[in-house]
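Before any comments, here is the structure.
On a predicted model such as this, the values are computed, not experimentally measured, just so you know. Both backbone and side-chain heavy atoms feed into the values below; hydrogens, waters and symmetry mates do not.
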Amino acid sequence: MQKNIDAALIKKVEGIREELHRHNYRYYVLDDPEISDSEYDKTMRELIEIETAYPGLLRPDSPSSRVGAPPLSKFETVKHSIPMLSLDNGFNNSDIIDFDRRIKKNLNTEEKIIYTAEPKLDGIAVELIYENGKLVMASTRGDGANGEAITSNIRTIRAVPLILQESRKEKIPSLLEVRGEVFIDKNGFKKLNAQRMADNLALFANSRNAAAGSLRQLDSGVTAGRPLDFFCYGVGKTVGLSVESHWDALCILKNYGLKINPLIRSKISIIEVLDFYKELEEIRPKLPYDIDGMVIKVDDFSLQHILGTTSKSPRWAIAYKFKALQETTKLLDITVQVGRTGALTPVASLAPVNIGGATVTRATLHNEDEIEKKGVRIGDTVLVQRAGDVIPEVVKVVESKRNGTEKKFNMPENCPVCGAGVVRVKGESVLRCINNSCTAQVKERIKHFASKGAFDIDGLGHKLVEQMVNTGMLSSYADIFYLNEDMLQKLERMGQKSAKNLISAIEKSKEIDFGRFLYALGIRHAGEHIAKILADRFKNLEKLLSATQDDLKAVEGIGSVVAESVTVFFRQSENLKVVNRIMDSGVKIFEEIESGKKPLEGKVFVLTGALENMTRSKAKKNIETAGGKVSASVSKNTDYLVAGKSPGSKLDQAKKLKVNIIDESILEKMLM
Ligand code: IVH
């Protein structure tokens with residue numbers, strides 16, 4: 001009788017495990033969940049309850065084991081059966097052309113070499129060993145020959161299958177060593193550091209350090225709480241797997257349920273590799289994770305074999321690195337800027353340093369808490385980071401470079417611009433100047449008002465705004481609409497023509513849609529996105545003005561902080577006066593008609609070849625919904641050619657005209 005119950009229970013547990021493995025795969029590998037998080041949690045709880053009541057049923061590859069195992073006292077060393085080499089680096093196109101030339105020379109051929117090119121993830125290299133489809137060991141790269149066993153830690157990563165999926169096409173090999181990169185995406189990194197800041201812990205300098213720190217935990221329970229992710233990029237030793245090329249190997253791994261980067265470009269020529277590099281460089285800031293270059297690999301395994309390796313790296317692969325976005329330099333001084341909302345921001349003046357092709361002389365230090373946490377002193381050598389279009393920031397101090405002459409910095413007790421008092425609101429880390437008419441605030445508000453996403457007044461640049469506030473010509477943004485040519489000509493270096501142009505630009509800006517108008521007002525917490533939501537919902541100023549805080553809070557996407565900020569703004573008579581003055585000057589606000597974001601606004605696409613995940617007409621519809629246009633033929637007005645399988649002559653035409661060529665996966669990213 002007892003036996004019978006056990007058999008039924010075992011079957012039940014196996015069923016639950018299988019279900020959880022499947023949902024896990026859909027969620028973490030395919031990014032396409034079938035059930036809600038709470039349903040998943042419920043099933044997981046059920047499994048844990050049974051396993052706790054019957055410890056004999058516990059298995060190391062149970063989905064419940066991802067929450068961490070008992071802490072280790074040290075990591076065991078493991079020898080890699082095939083060394084985990086590093087990569088040779090290239091930094092410009094001619095390094096890559098040389099690489100291609102070297103390969104042809106080594107292979108004694110003039111024929112075109114076929115490559116596979118992949119984004120180079122900036123994380124930590126690991127090896128996973130699957131025996132008969134079960135994950136039995138995971139290790140770090142270590143010195144290449146020997147690594148550290150981090151199996152319990154790797155088990156906590158949801159994107160890593162504990163058991164390989166049976167595939168209709170391929171049999172599970174008896175031994176499969178998978179290699180890949182563990183990383184933390186940008187969002188996870190931001191959240192992790194925010195949490196560490198709140199807990200008063202040292203911040204990670206970058207996502208790579210965060211991934212490394214998370215993997216090297218003796219207590220896998222800590223690792224389980226970190227947002228680690230995984231992409232695989234190759235195989236080590238295998239038994240029972242027959243495959244002839246790198247790309248085919250990746251496809252097989254994908255069929256087993258492992259995660260492969262969707263941006264990988266397979267079987268391309270060296271020229272296409274160079275085009276792909278340009279594309280990757282362009283989309284790099286928009287990717288959800290950090291990449292530091294591209295890895296180019298000879299695709300054919302038999303050619304890889306002939307080429308062989310040096311003691312350090314394979315001759316059949318090279319990393320084409322992007323320009324570094326972090327550099328160290330000297331912090332010469334700290335000044336304090338006053339922003340639109342009165343926030344005092346400490347800014348580092350730096351010894352000029354080239355980061356990713358641009359000279360950087362200033363970097364933000366955010367606020368006094370950050371200075372304290374990072375321990376920044378004047379005279380320090382600091383690591384500075386530039387990412388995409390955002391303002392460069394000081395990441396950390398290189399303490400080993402200190403010589404004792406560095407000076408501590410304290411935030412001022414008064415506004416450095418107007419001398420008024422400063423306050424620190426409870427729960428915030430910023431100091432604010434309390435004087436609403438502080439010239440620094442007025443200037444920043446006007447600059448914001450005239451900026452691109454707001455009234456977009458051509459010619460009303462930062463310098464001019466400073467000059468106009470200093471001379472008393474402007475004391476609020478409403479004053480802009482009461483300027484005339486005579487007044488402007490009184491300004492230094494302002495000619496008749498420029499004055500005329502500026503006045504006509506101001507006139508032109510007077511027709512504005514409601515979202516931009518709201519954004520222009522510079523209401524705290526009401527950025528472009530929130531302004532658009534409010535405009536979509538309330539349509540015009542009158543309706544918004546008569547809305548209560550509760551009405552605002554009831555709008556999806558509007559929280560209590562925004563609701564309060566907006567109602568407080570419109571309750572202040574000062575603000576109402578300014579708004580009325582704007583309206584009296586003849587500004588015309590359009591009601592919002594269209595809603596939704598239009599990420600492809602104005603872009604012209606051409607489609608060629610067969611797409612995998614959408615039909616041509618669906619692709620066309622999606623592009624158009626996102627604001628783009630689809631045209632039938634490639635011309636110099638084309639922004640992107642989307643090339644599917646077996647592309648036609650449009651591809652050649654696009655190459656000739658140097659049109660950006662993208663594949664379906666990039667299009668999908670752009671549509672998101
Ligand atoms: S292949 C022998 N492919 O870059 C070739 N490596 O600088 C081994 N990396 O240790 C590496 N993305 O951690 C390869 N798609 C990719 C990669 C990649 C990141 C890392 C990996 C390696 C390092 C070499």
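In this structure, D380 does not pair ionically with K401, as no charged nitrogen and carboxylate oxygen lie closer than 4.0 Å. Note on R17 versus E51: salt bridge recorded, some NZ/NE/NH1/NH2 to OD/OE distance being below 4.0 Å. One finds no salt bridge joining R45 and D41 here, because no Lys/Arg side-chain nitrogen approaches an Asp/Glu carboxylate oxygen to under 4.0 Å. With respect to D663 and R265, a salt bridge is recorded, a charged nitrogen being found less than 4.0 Å from a carboxylate O.
Aromatic ring orientation, F301 versus H246: perpendicular (interplanar angle above 60°, classes split at 30° and 60°). Relative ring orientation between H23 and Y40 is described as perpendicular, the plane-to-plane angle rising above 60° on a 0-90° scale split at 30° and 60°.
The ring of Y289 has its center closer than 6.0 angstrom to the ring center of F231.
Because its NZ or CZ atom is both nearer than 6.0 Å to the ring centre of F204 and within 45° of the ring axis, R196 counts as a cation-pi partner of that residue.
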Walk me through it: do R22 and E34 pass the test side chain to side chain contact (heavy atoms under 4.5 Å, CB included)? CA-CA 10 Å; R22 193 163 56 82; E34 226 171 40; 3.1 Å; yes
L57 and D6: side chain to side chain contact (heavy atoms under 4.5 Å, CB included), yes or no, with the steps? CA-CA 10 Å; L57 286 178; D6 278 353; over 6 Å; no
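In this structure the side chain of K104 reaches within 4.5 angstrom of the side chain of I113, judged on heavy atoms. Annotation: side chain of M44 is not in contact with side chain of E46 (no heavy-atom distance under 4.5 Å). Looking at heavy atoms from C-beta onward, D229 lies in side-chain contact with K259 at the 4.5 angstrom threshold. Between F230 and V126, some side-chain heavy-atom pair lies under the 4.5 Å cut-off. Considering only heavy atoms from C-beta on, L331 stays 4.5 Å or farther from E406 through its side chain. Contact check for S86 versus R141: side-chain heavy atoms found under the 4.5 Å cut-off. Between P60 and R155, some side-chain heavy-atom pair lies under the 4.5 Å cut-off.
At a cut-off of 3.5 Å, with distance as the only test, a side-chain donor of D100 or Y115 sits close to an acceptor on the other residue.
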